[in-house]
There are 2 protein chains.
Amino acid sequence: MSRTFEFGDETQPVAETKDRILDAAERLFAGQGYAATSLRQITSEAQVNLAAVNYHFQSKDSLILAVLMRKMKPLERRRLELLDALEEAAGDGPLVLEDVLRALLVPVFERKAAGGGLSPFPQLMGRMYSEPGDWVLQIFKRAIAGVAARFLPALGRALPGMSRTEIAWGMHFSIGSMAHFLAAGVLLTHLSDGEADMSDGEAVVNRMVVFMSGGLRAMAESRKEAAR
Amino acid sequence: MSRTFEFGDETQPVAETKDRILDAAERLFAGQGYAATSLRQITSEAQVNLAAVNYHFQSKDSLILAVLMRKMKPLERRRLELLDALEEAAGDGPLVLEDVLRALLVPVFERKAAGGGLSPFPQLMGRMYSEPGDWVLQIFKRAIAGVAARFLPALGRALPGMSRTEIAWGMHFSIGSMAHFLAAGVLLTHLSDGEADMSDGEAVVNRMVVFMSGGLRAMAESRKEAAR
DNA sequence: GTCTATACGATGATAGAC
DNA sequence: GTCTATCATCGTATAGAC
C-alpha cells in the first residue's frame, strides 16, 4: 500500500515509513559501513521516529538483513534468468565460460547503472562479504547459496576436467575480485594514479570477465599438468 | 624496554602495557571486526585499565592504525626484499610473472603459518580493505603505496605490452582475490561443501598464483587483440 | 496496526587526581 | 604513567497515544 496525495497536481506516491527507513539505511550503510552508522542517523535522514525501526524491524541486524535481501532477491532472480537462457541455448552442448561469468556479473552492474545516479547498493554488497557478524551467513544462505548451486555446475560444464572443489576455489577467487572492486574502488584510483575509468559498467564487466576466465582456465590447465 | 622478573626461575619478559593492548586488540579486531570490538573488551583481555588505551594511543582509530602498522611494516619489508632478490637475479632480462606474484603473496602466508597457531593478522588485513573510515587510506599510504610503487613496474616487466593503467586493474583484481580469501574464508567452506583445504598455506599460494597469473596474462592478450 | 516519548545499560572519549 | 569520575551517544525495550 502506498499513500498518494489526492489533492492538487501531486500524484507522486509517498514512500511509507518502512521504505523510507530502508532507503536511508541502504545509503548510509553503503557509505559509512554497518557499525559506523547509527540508527539515529538513519531515522533522522528518513524523517521517522527512532522507535519506528524497532517496530518495523526488530533490531539493527534485522534491518541490514532486510536492506540487503530487498535487492539481493531480484539480483538472484536476474542471474538465474540469464543462466537459464544460456543453458537453453546451449542444449546438450558446451557452455562458454565467458557467458557464464557474464550472467553472474552483468546483473550487479545493471543495478549500478539503473536509476540515473549510482546506486549505493553494489558497494554495500561488496563490503558485506568481509563483514563479521551473524547476518552475513544468513545472507549467504538466503540469497547466495542458490546462485552458487546453479553456477558451480555451470562453471563445471564450461571448464571440463576441473573438480567441483577446484571450481569452488576459482569461484571464490573470482567473487573476491568482484567484491573488492565494488567495495574498495578507491584503492584502484590510487593504484592507477586516477587513470582507471570505473564509470563505464560494461567496460568493467568486460575486464573482469577476461581476468576471471583467464584465471579459471589457467587453474584447469594446471590440474591437467599435475595429472600428467 | 621490557621488564623481566628478576627473582626466582622466571626470566620470561613480561609484555608491557602497550604491547598487551596491541596483542589483545589485534586478536579481537580480527575475530569480531573493528567497530564490533569495544575498548572495554580489549582492556579487560589485556588486563589494563580502560584509560590506558587513551594514554598510549589517542583514540580507537589510532589504536587499530598502530595494530596494523606493527605487522604491515615487516610485511612490506619482506615483500620488497623478495622482489629485490628477484630483480637482482633477473638482471636486465625479463621477470617471471609467477615469481613476482609469489613475492607479493608468500610473506602474507609466512605470517599465517608462523608462531605455531594461526595468526589473526591476515584475516584482519583482508578485512581492512573493504572497511570504511579514514584510517584505511592512511594504512594504504603508509604501507601499501610503497609496495604498489615497486610491484606495479615489476608486473609491467613481467607482462610486456600492458599499459600501466591496465596493470593497475589487474593488480586490483588480484589483491581482491587475496583479500577475499583472507577475510571470508568461511564462504569457501560453504562453496566447496567443506572440501577445500585452506590449512596448507603453500598450496593456497600456488593456487592463487595460477589464478592471478592466468587472469593477468589473459588481460595482456586481450589488449593485443584489441590493438589488432 | 502505526507510531511516539522516554528510559536503560553500555560505549568511546576526556579531564584531572594521584 | 596510571586510575577514577564523568559525559554525550549508542542500540534496545516498553508503555501508551492515535
Side-chain angles (χ1 to χ4, degrees), chain A residues 1-5 13-68 124 128 131-136 138, chain B residues 1-5 13-68 124 128 131-136 138:
Chain A
M1 282 188 299
S2 81
R3 268 181 315 219
T4 52
F5 287 116
V14 172
E16 297 290 337
T17 299
K18 204 168 172 176
D19 291 322
R20 289 218 309 279
I21 293 174
L22 286 172
D23 290 338
E26 178 178 314
R27 202 161 351 109
L28 289 167
F29 283 151
Q32 321 174 341
Y34 172 69
T37 302
S38 72
L39 293 180
R40 285 166 174 83
Q41 264 183 290
I42 295 171
T43 54
S44 156
E45 184 142 332
Q47 303 207 50
V48 300
N49 187 275
L50 169 63
V53 172
N54 273 80
Y55 172 73
H56 288 287
F57 315 90
Q58 288 76 7
S59 63
K60 197 183 176 185
D61 269 36
S62 301
L63 172 59
I64 193 170
L65 213 83
V67 166
L68 284 166
L124 180 58
M128 127 197 130
E131 199 111 16
D134 295 341
W135 54 267
V136 179
Q138 293 195 28
Chain B
M1 285 189 296
S2 81
R3 265 180 319 217
T4 52
F5 287 116
V14 172
E16 298 290 336
T17 300
K18 205 167 170 175
D19 290 322
R20 289 220 306 282
I21 294 174
L22 285 172
D23 289 338
E26 178 178 315
R27 203 161 351 108
L28 290 167
F29 282 151
Q32 320 174 342
Y34 171 69
T37 302
S38 71
L39 292 181
R40 283 165 175 84
Q41 266 184 291
I42 295 170
T43 55
S44 155
E45 185 142 331
Q47 303 208 46
V48 300
N49 186 275
L50 169 63
V53 171
N54 277 85
Y55 173 73
H56 288 288
F57 314 90
Q58 287 75 5
S59 64
K60 199 183 175 187
D61 269 37
S62 301
L63 172 59
I64 195 171
L65 212 83
V67 167
L68 284 167
L124 180 58
M128 128 199 131
E131 199 109 16
D134 295 341
W135 54 268
V136 179
Q138 292 194 27

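In what follows, chains carry the letters A, B, and so on, assigned in the order in which the sequence lines appear, proteins first and then strands, with residues in each chain numbered from 1.
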Original post:
Counting any heavy atom closer than 4.0 Å, what does B:Ser62 reach on the DNA or RNA strands: base, sugar-phosphate only, or nothing?
Top reply: nothing
Rounded to whole angstroms, how far apart are [atom1] on [X] and [atom2] on [N]?
X: A:Asp61; N: D:dG11; atom1: CG; atom2: P; answer: 11 Å
X: B:Leu63; N: C:dT11; atom1: CG; atom2: C1'; answer: 15 Å
X: A:Gln58; N: D:dT14; atom1: CD; atom2: P; answer: 13 Å
X: A:Asn54; N: D:dC10; atom1: CG; atom2: P; answer: 15 Å
X: A:Leu28; N: D:dC10; atom1: CG; atom2: P; answer: 12 Å
X: A:Ile42; N: D:dT12; atom1: CD1; atom2: C1'; answer: 14 Å
X: B:Phe57; N: C:dG12; atom1: CZ; atom2: P; answer: 15 Å
X: A:Phe29; N: D:dG11; atom1: CZ; atom2: P; answer: 8 Å

Mind checking what makes side chain to side chain contact (heavy atoms under 4.5 Å, CB included) contact with [X], not counting sequence neighbours?
X: B:Ala24; answer: B:Arg27, B:Ile42, B:Glu45, B:Ala46
X: B:Ala51; answer: B:Asn49
X: B:Ser62; answer: B:Gln58, B:Ser59

Subject >> Distance (rounded to the nearest 0.5 Å) between B:Leu50 CG and B:Thr43 OG1 >> reply: 5.0 Å
Original post:
How close do B:Thr37 and B:Gln32 get, heavy atom to heavy atom, and via which atoms?
Top reply: OG1-OE1, 3.3 Å
**OP:** Quick one: stems involving DNA chain C, counted as three or more successive Watson-Crick or G-U pairs, both distances short of 3.5 Å.
**Re:** C:1-18 with D:1-18
Original post:
For every nucleotide of nucleotides 4-10 of chain C, 5' to 3': is a protein heavy atom under 4.0 Å from its base (B), only from its sugar-phosphate (S), or from neither (-)?
Top reply: BB-----
**OP:** Scan B:Val67, B:Leu68, B:Ile21, B:Ile64 and name whichever one has a side chain to side chain contact (heavy atoms under 4.5 Å, CB included) with B:Glu26.
**Re:** B:Val67
**OP:** Return the nearest nucleotide to the side chain of A:Leu39; candidates are D:dG11, C:dT14, D:dT2.
**Re:** D:dG11
Subject >> Those residues that, when tested against A:Phe29, pass ring pair (Phe, Tyr, Trp, His ring centres under 6.0 Å) (two or more places apart) >> reply: A:Tyr34
**OP:** Please check the phosphate of C:dC3 (OP1 and OP2 only) for any side-chain N or O of A:His56 closer than 4.0 Å.
**Re:** yes
Subject >> B:Leu22 side chain reached by B:Leu63 side chain, heavy atoms, under 4.5 Å >> reply: yes
Original post:
Do A:Tyr55 and A:Thr17 have side chains that get closer than 4.5 Å, going by heavy atoms?
Top reply: no
